[in-house]
Amino acid sequence: MSQKVQAPRGTSDVLAQDADARAALEATARRVLEGAGYRRIETPTFEHTELFSRGVGASTDIVQKEMYTFDDGGDRSVTLRPEGTAPVCRAYAEHGMHKLPLPVKLWYLSSFFRKEKPQAGRYRQFWQVGAEALGSDDPAVDAETILLLSTLLAELSVGDVRLRLGSLGTLAARTAYREELQAHLRARSDELSDEVRARIDLNPLRAFDSEHPGTVAVMRDAPRLLDRLDADDAEHFAEVRALLDRAGVDYEVDATLVRGMDYYTRTVFEFTSDKLGAQSGVAGGGRYDGLVEQLGGPATPGCGWAAGIERILLAGPGRPVAAPPVDLYVAFDAPERRADAFAVAAEARNARLNAQLELAGRSRKGQLKQADRIGARYVALVSDTGTVLKDMQAATQQVVPCSDVVTRILRERGVR
RNA sequence: GUGGGCGUAGCUCAGCUGGUAGAGCUCCUGGUUGUGGUCCAGGCGGUCGGGGGUUCGAGUCCCCUCGCUCACCCCA
C-alpha cells in the first residue's frame with residue numbers, strides 16, 4: 001500500500017458524484033452573482049511572493065507559515081495563491097480597471113493553497129468562490145455583498161448559518177486599539193489563564209473568547225474596538241447595519257471579530273455553520289480600502305468575500321445530483337459487428353443524442369445489464385441478422401437496418 | 001508544530017487469549033427469468049500501510065516509521 005503513489009497530504013481527488021455537486025454549486029454561484037452584475041475573473045495560480053507578503057500582511061499566519069513558496073528558476077520568488085483578494089486587486093491595478101464604470105464587480109471560483117495541517121473542512125488545496133466590488137466606499141456595497149453571500153448560502157441550502165458582523169475602523173485606529181487592549185491585559189495578567197497570557201503579543205483579541213473565569217472578569221472591563229472607531233467609520237458601520245436590517249438579514253454584532261488578513265478596514269463579517277466541526281467558518285470577508293493602493297495602484301476602496309466550497313458542501317444537504325440521461329446504448333453480439341456499432345453511436349451523437357457504446361467486451365446479458373444500469377432509454381443490438389432496437393422503458397423491440405436506428409429514435413421521440 | 005483515534009480485497013468491515021486470511025456489497029461469467037430486475041452457482045481481487053524484533057510460527061505481541069482522520073492554533 002505505502003509504495004503506491006498517493007495524492008499529497010491535504011489534497012484530494014474530486015470523484016464523480018462530488019464533481020456533479022460542485023458543478024451545481026458553480027452554476028448557482030454564477031446565476032446569483034452574474035445576476036447582480038458581477039463578471040468572472042481568473043487570476044494566475046501563482047503570483048510573485050511580494051503580492052501576498054505586502055497585501056495579506058507579513059505578520060499574518062498565512063504569510064509566516066502557510067505559503068507554498070518556491071524559486072521560479074530566475075531570481076523571483078513565487079507563491080501558490082493562498083487567497084483571492086490580493087490577486088484580484090493586483091489585476092485591477094495592472095489593467096487600469098479604475099477607468100471602468102465603478103464599482104468594478106468581479107467574482108471567481110478557483111483553488112487556493114495553504115500549508116496547514118489538514119482537518120475536517122481544512123485542506124492544503126481548497127476551493128473558494130469569491131466576489132469583490134472595487135471602487136466605491138458606499139455602505140450599500142458592504143450590505144449588498146453580504147446580502148448576495150447570504151442569498152447564495154441559502155440557495156445552496158447551507159444549514160444552521162449565522163452571520164457575525166463587526167467593524168475594524170482604520171488601520172491606525174485598529175493599531176491604537178490593539179495596544180490599548182494589550183496594556184489592559186498586561187495590567188491584569190495575573191488574573192488571566194496561561195494560554196491567554198501567552199498570546200497577549202500575538203493575538204490579544206483571542207482573550208475575548210476565553211471561558212476561563214478570571215479572564216472573563218478581566219475582559220468585562222476591556223476596551224472594545226467598536227467604541228474606538230472614529231466618527232466616519234462609526235457612521236459607515238451604522239449605515240451598513242441599517243441597510244441589512246432593511247433587507248431582513250439577521251446578524252449579530254461581534255466587537256471581537258477578527259480576520260486573518262491585515263488588509264481589512266471598516267466592515268468585516270463571517271458566516272458560520274453549526275453543521276461543521278471545529279472549522280465552522282463557511283465564508284468571510286470585509287472591506288479593504290487601502291489594499292489596491294498598497295499594491296501600487298490608485299487609491300481604491302474595495303469590499304468582498306470568499307466562501308469555502310468544501311465547507312459549503314459539508315454543511316449542505318448533500319442531495320445527489322441526477323446523472324445525465326442516456327438516450328442510446330449500442331451493443332453488439334460479435335467482434336465483427338463492432339465497426340457497425342461504432343458508426344451507429346457516432347451517428348447518434350451527431351444527431352445530439354447521448355449515446356454510449358459497449359467498450360468492455362461484455363456478454364449479451366452483461367451489455368443489457370450495463371444499459372439498464374446507466375438508465376439508457378434505447379438499446380441498439382447490432383448483429384449480423386439485423387439490428388434489434390429495444391425500448392428499455394416500454395420493453396418493446398423491433399428489427400431495423402442499422403442505418404435507421406437514429407432516425408427511428410428521433411421519430412419516436414418526436415411523437416412522445 | 002503538539003495531542004487523541006485509526007490503518008486487513010475497489011467499498012463497508014469480521015478475524016477470541018499468536019497456528020501462516022474471511023464475509024457482505026461491487027465487478028465479470030454461466031444458469032433461471034421476459035434478452036435487463038429477482039434468485040442460484042462460479043470467478044476476478046489482499047506480500048493484513050512499511051521496516052525491524054520476539055517466537056518453531058505474527059494480521060494478532062514489542063519497537064521504529066509512513067499514511068489517514070479528529071482536535072489545539074489559525075482560517076474558507
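Values below: all heavy atoms of this structure, side chains included; hydrogens, waters and symmetry mates excluded. Small disclaimer: the values here were computed from a predicted structure and weren't measured. Just so it is clear: chains get the letters A, B, ... in the order the sequence lines come, proteins before strands, and each one is counted from 1.
By the criterion of a centre-to-centre distance under 5.5 Å and near-parallel planes under 30°, the ring of A:Phe112 forms no stack with the base of B:rA76.
Distances shorter than 4.0 Å separate some side-chain N or O of A:Arg362 from OP1 or OP2 on B:rC28. For A:Arg373 and B:rC28, the shortest distance from a side-chain N or O to OP1 or OP2 is below 4.0 Å. Residue A:Ser363 places at least one side-chain N or O under 4.0 Å from the OP1 or OP2 atom of B:rG30.
Taking atom CE of residue A:Met67 and atom P of nucleotide B:rA76, one finds them 15 Å apart after rounding to whole Å. Residue A:Gln64 contributes atom CD, which lies 13 Å from atom C1' of B:rC73 at whole-angstrom precision. Distance, A:Leu257 CG to B:rC75 C1': 12 Å, rounded to whole Å. Across the protein-nucleic acid pair, A:Arg114 atom CZ and B:rA76 atom C1' stand 7 Å apart, rounded to whole Å. To the nearest angstrom, C1' of B:rC73 lies 17 Å from CD1 of A:Ile200. For the pair A:Gln367 CD and B:rC27 P, the computed distance is 16 Å after rounding to whole Å. With rounding to whole Å, A:Lys65 atom NZ is found 7 Å from B:rC74 atom C1'. In this structure, CE of A:Met261 is placed 11 Å from C1' of B:rC74, rounded to the nearest angstrom.
With respect to A:Asp194 and A:Arg197, a salt bridge is recorded, a charged nitrogen being found less than 4.0 Å from a carboxylate O. Using a cut-off of 4.0 Å between Lys/Arg side-chain N and Asp/Glu carboxylate O, A:Glu358 and A:Arg338 are scored as not salt-bridged. A:Asp333 has no carboxylate O lying under 4.0 Å from a charged side-chain N of A:Arg337, or vice versa, which leaves the two without a salt bridge. Between A:Arg164 and A:Glu270 a salt bridge is recorded (basic side-chain N to carboxylate O distance below 4.0 Å). One finds no salt bridge joining A:Arg122 and A:Glu310 here, because no Lys/Arg side-chain nitrogen approaches an Asp/Glu carboxylate oxygen to under 4.0 Å. Between A:Arg22 and A:Asp18 there is a salt bridge, since a side-chain N of the basic residue sits under 4.0 Å from a carboxylate O of the acidic one. Of the charged side-chain nitrogens involved, none lies within less than 4.0 Å of a carboxylate oxygen, so that A:Glu116 and A:Arg124 do not count as a salt-bridged pair.
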Dot-bracket encoding of pairs in RNA chain B, which uses [ ] for pseudoknotted crossings and | for another strand, Watson-Crick or G-U under 3.5 angstrom
(((((((..((((.....[..)))).(((((.......))))).....(((((..]....))))))))))))....
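Evaluated for a salt bridge (charged side-chain N to carboxylate O under 4.0 Å, His left out) with A:Asp327, the options A:Arg408, A:Arg352, A:Arg413, A:Arg377 yield exactly one hit, A:Arg413. Exactly one residue among A:Val282, A:Asp274, A:Leu276 makes a side chain to side chain contact (heavy atoms under 4.5 Å, CB included) with A:Asp160. That residue is A:Asp274.
Separation of the P atoms belonging to B:rA9 and B:rA23 is 14 Å when rounded to the nearest angstrom. A distance of about 48 Å separates the P atoms of B:rG34 and B:rG49, rounded to the whole Å. Between B:rU8 and B:rA14, the two P atoms lie 10 Å apart (nearest whole Å). With both ends at atom C1', the span from B:rG7 to B:rA41 equals 35 Å, rounded to whole Å. Look at the P atom in both B:rC68 and B:rU54: the space between them is 31 Å, to the nearest Å. For the P atoms, the distance from B:rG19 to B:rC66 is 30 Å, rounded to whole Å. Between the C1' atoms of B:rA76 and B:rG18, the separation comes to 49 Å (whole Å). The same atom, C1', is picked in B:rG15 and in B:rG59; the two are 8 Å apart, to the nearest Å.
Looking at A:Glu83, its side chain does come within 3.5 Å of a backbone N or O of A:Ala86 through a donor-acceptor pair.
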Strictly under 3.5 Å: I want the nitrogen or oxygen pairs between protein and nucleotides 36-42 of chain B, one per line.
from   : atom 1 : to       : atom 2 : distance (Å)
B:rG36 : O6     : A:Lys390 : NZ     : 3.0
B:rG36 : N1     : A:Met392 : O      : 2.7
B:rG36 : N2     : A:Asp372 : OD1    : 3.2
B:rG36 : N2     : A:Met392 : O      : 3.3

Dump every N/O contact between nucleotides 68-71 of chain B and the protein below 3.5 Å, one line per pair.
from   : atom 1 : to       : atom 2 : distance (Å)
B:rC68 : OP2    : A:Arg9   : NH1    : 2.4
B:rC70 : OP2    : A:Ala120 : N      : 2.9
B:rA71 : OP1    : A:Ala278 : N      : 2.9
B:rA71 : OP2    : A:Gln119 : NE2    : 3.4

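Toward the 5′ end of RNA chain B lies the nearest nucleotide of A:Leu381, the other residue of the pair A:Ser280 and A:Leu381 mapping further downstream.
Under the 6.0 Å distance and 45° angle rule, A:Arg228 does not count as a cation-pi partner of A:Tyr177.
A:Glu116 comes within 4.0 angstrom of a nucleotide base, judged by non-hydrogen atoms across all strands. Counting non-hydrogen atoms under 4.0 angstrom, A:Ala306 reaches the backbone sugars and phosphates but no base.
Ring orientation note: the planes of A:Phe113 and A:Tyr68 are nearly perpendicular, at an angle over 60° on the 30°/60° scale.
Side-chain atoms of A:Thr170 and A:Thr265 form no donor-acceptor pair, as typed in the model, at a separation below 3.5 Å.
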